[in-house]
Amino acid sequence: MRLWGGRFSGEPDRLVQEFTQSIDFDRRLFHHDILGSIVHCRMLGRQGIIPPEEAAQIEAGLRQVEEDFQKGQIQFAHALEDVHTHVEARLRELIGPVAGKLHTARSRNDQVALDLRLFLREAVLDTIDRLADLQETLCNRADEWQDIIAPGYTHLQRAQPVLLAHHLLAYHEMLRRDAERFQEAFARINVLPLGAGALAGVPYPIDREFVATQLGFDSISRNSMDAVSDRDFVVEYLSAAALAMAHLSRLGEEIVLWTTSEFGYLELSDAFTTGSSLMPQKKNPDVAELIRGKTGRIYGHLLHVLVLLKGLPLTYNRDLQEDKEALFDTIDTLLPSLTLLSAMLATARVNAERLAAAAASGFTLATDVADYLVARGVPFREAHTLTGRLVQRCLATGHTLADLPLEEYRAISPLFDSDVYRIDTWASIRARDIPGGTAPGRVRAALQEARQAIAACRAWTAGQRERFARLPDHTDAGSVRSPHG
Ligand code: ARG
């Protein structure tokens, strides 16, 4: 069978059908495709572009098609190419030739752009909510672990003691920026492309504002050629997702490191670890490793869509069909990664003694010793050198800064007194009492502020969801409210 067959005399090659079909993956858009169609046909009826009775008939048919999709009663066929054609074909089976009027003043080019935008704006809300879930887990654990000291690292060398909560809240900050990026992308996703037709607009008195209001769009596209041909809004989602995955991958990497016997800071619950088929003793952090590993493929998807776009002349080109699998796979990777990391952290056990011991060893208080001299008038550069010599003495004599005899200290600078032994990890942490620092009061305040930010984010997504919940319901004609009274 050939679709849109008027100008052809022969059938398309079978291989062409297989190669060009998208129903195998774009069936995922059926709900949004039908939603867009319902509002489009309602608009056609209101504007008298098709008789209102026929519009009502089409709408009723579309609701039935929706039900058929939901119940899995649609026969998918590569010959029917994509989700748009499947919906229309089923509609025709149900209501006959009048189904052919639905596609008046519309092209699959603006239709698919519409479907993607409807789909993606919901995905953005889901993503932000999942980010908030993980942020909340980070906050809960930070709250619980406020008295736990951890070694802070640079170059993966022990550097300075920090509060474990401070370390966790660093991830909260990353995820917060991720959520902001998704929120900003939302504004550019939530634009109505319908009305662009194939590329030039349509020669019917359509009411785009009506469609936009009914579908909960914030604005309508300003240029029909742009509307059918750009997928920058997909790139924006993918790029925000790529960065979010970078953050999750870093967290995953730390989980991998921290659960080794070398570090021994963290233990994951059995539910989130896997065994080895050979080594009976193994408890592996496979989930964290896979999150790290899957990050690569999300970067790949971003690059894929960027490359997809770069050579396309205006306007629609079939290449654009290749945007969907990259997008779907990104969502299907990012969302479970967020949920799993959250669950893993919520159930992990922390070894506070080991963390505290690590935080106190490896000369992590050397900076504080230098600062001790600075407080006594020594220029920081010189204090740094003097403290370096102290470390050298310790290494030569097998001491730590805590048990190096006072004579040794004094041999390096007469400014040292016995109060130098008051420098410990807690003193070091308390001293960093500046905004953004690790001092307990600062971390408590940061935690409180973090919780407010999460609540604001959740309120925003809830507000958007409420708006979308008022969209024309597919199965209940009564719920539709006309924006024009
Ligand atoms: N499956 C197509 C896509 O995803 C739908 C639009 C088809 N338009 C066209 N002119 N062939 O892009």
Side-chain angles (χ1 to χ4, degrees), residues 1-8 11-13 15-37 40 62 65 69 74 76-92 99-100 102-123 189 191-203 221 223-235 237-238 301 304-332:
M1 183 194 68
R2 179 183 282 282
L3 297 168
W4 342 119
R7 63 104 68 217
F8 298 95
E11 292 287 299
D13 191 285
L15 207 55
V16 171
Q17 264 179 20
E18 295 300 315
F19 195 72
T20 57
Q21 64 86 21
S22 55
I23 188 61
D24 282 354
F25 48 89
D26 69 10
R27 61 176 73 170
R28 187 161 170 174
L29 297 172
F30 82 86
H31 172 79
H32 300 97
D33 190 76
I34 294 169
L35 175 63
S37 288
H40 177 68
L62 283 167
V65 178
F69 262 94
I74 299 287
F76 295 109
H78 288 175
L80 283 178
E81 213 171 283
D82 58 26
V83 65
H84 323 297
T85 318
H86 275 78
V87 170
E88 197 180 318
R90 180 68 188 135
L91 183 66
R92 184 178 297 268
L102 170 62
H103 212 53
T104 313
R106 188 176 73 172
S107 154
R108 279 187 300 161
N109 297 351
D110 55 351
Q111 190 180 355
V112 71
L114 170 68
D115 294 4
L116 260 187
R117 286 173 182 274
L118 286 170
F119 170 85
L120 193 50
R121 68 185 191 180
E122 279 171 27
I189 292 168
V191 177
L192 175 82
L194 205 66
L199 76 157
V202 296
S221 58
N223 181 298
S224 61
M225 297 178 80
D226 172 46
V228 294
S229 65
D230 209 341
R231 293 292 183 268
D232 55 358
F233 62 97
V234 173
V235 171
Y237 182 91
L238 295 179
H301 292 327
H304 159 75
V305 178
L306 282 170
V307 174
L308 184 66
L309 293 178
K310 77 178 272 292
L312 297 185
L314 284 174
T315 57
Y316 178 85
N317 295 273
R318 191 63 177 270
D319 313 46
L320 292 174
Q321 179 168 294
E322 290 288 308
D323 59 358
K324 290 173 202 61
E325 286 160 294
L327 177 62
F328 295 157
D329 187 62
T330 298
I331 295 166
D332 294 343

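Throughout, residue positions are numbered sequentially from 1 according to the sequence presented. These figures come from a predicted structure and were not determined experimentally. Remember, it's 1-based here, ligands and their atoms both numbered in the order they're listed.
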Asp82 to Ser22 - nearest heavy-atom pair and separation
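Heavy atoms only, the tightest pair is CB-OG, 3.1 Å.
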Pair Asp332 + Arg28, salt bridge at N-O below 4.0 Å:
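Result for this pair is yes, salt bridge flagged.
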Think Arg117 forms a cation-pi with Phe233, using NZ or CZ under 6.0 Å from the six-ring centre and within 45 degrees of its axis?
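Cation-pi check for Arg117 and Phe233: passes.
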Any luck finding a side-chain donor-acceptor pair between Glu325 and His304 under 3.5 Å?
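His304 and Glu325 do not have a side-chain donor-acceptor pair below 3.5 Å.
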Check ring pair (Phe, Tyr, Trp, His ring centres under 6.0 Å) between His86 and all other residues, then give those that pass, not counting sequence neighbours.
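Expected list: Phe76.
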Inventory of protein N or O atoms under 3.5 Å from ligand 1 N or O:
from     : atom 1 : to     : atom 2 : distance (Å)
ligand 1 : 1 (N)  : Ser22  : OG     : 3.3
ligand 1 : 1 (N)  : Asp82  : OD2    : 3.4
ligand 1 : 1 (N)  : Gln321 : OE1    : 2.8
ligand 1 : 4 (O)  : Lys324 : NZ     : 2.5
ligand 1 : 8 (N)  : Asn109 : OD1    : 3.0
ligand 1 : 10 (N) : Asn109 : OD1    : 3.0
ligand 1 : 12 (O) : Tyr316 : OH     : 2.4

Is there side-chain contact between Asp26 and Ile23, with heavy atoms separated by less than 4.5 Å?
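Yes; the side chains approach each other to less than 4.5 Å.
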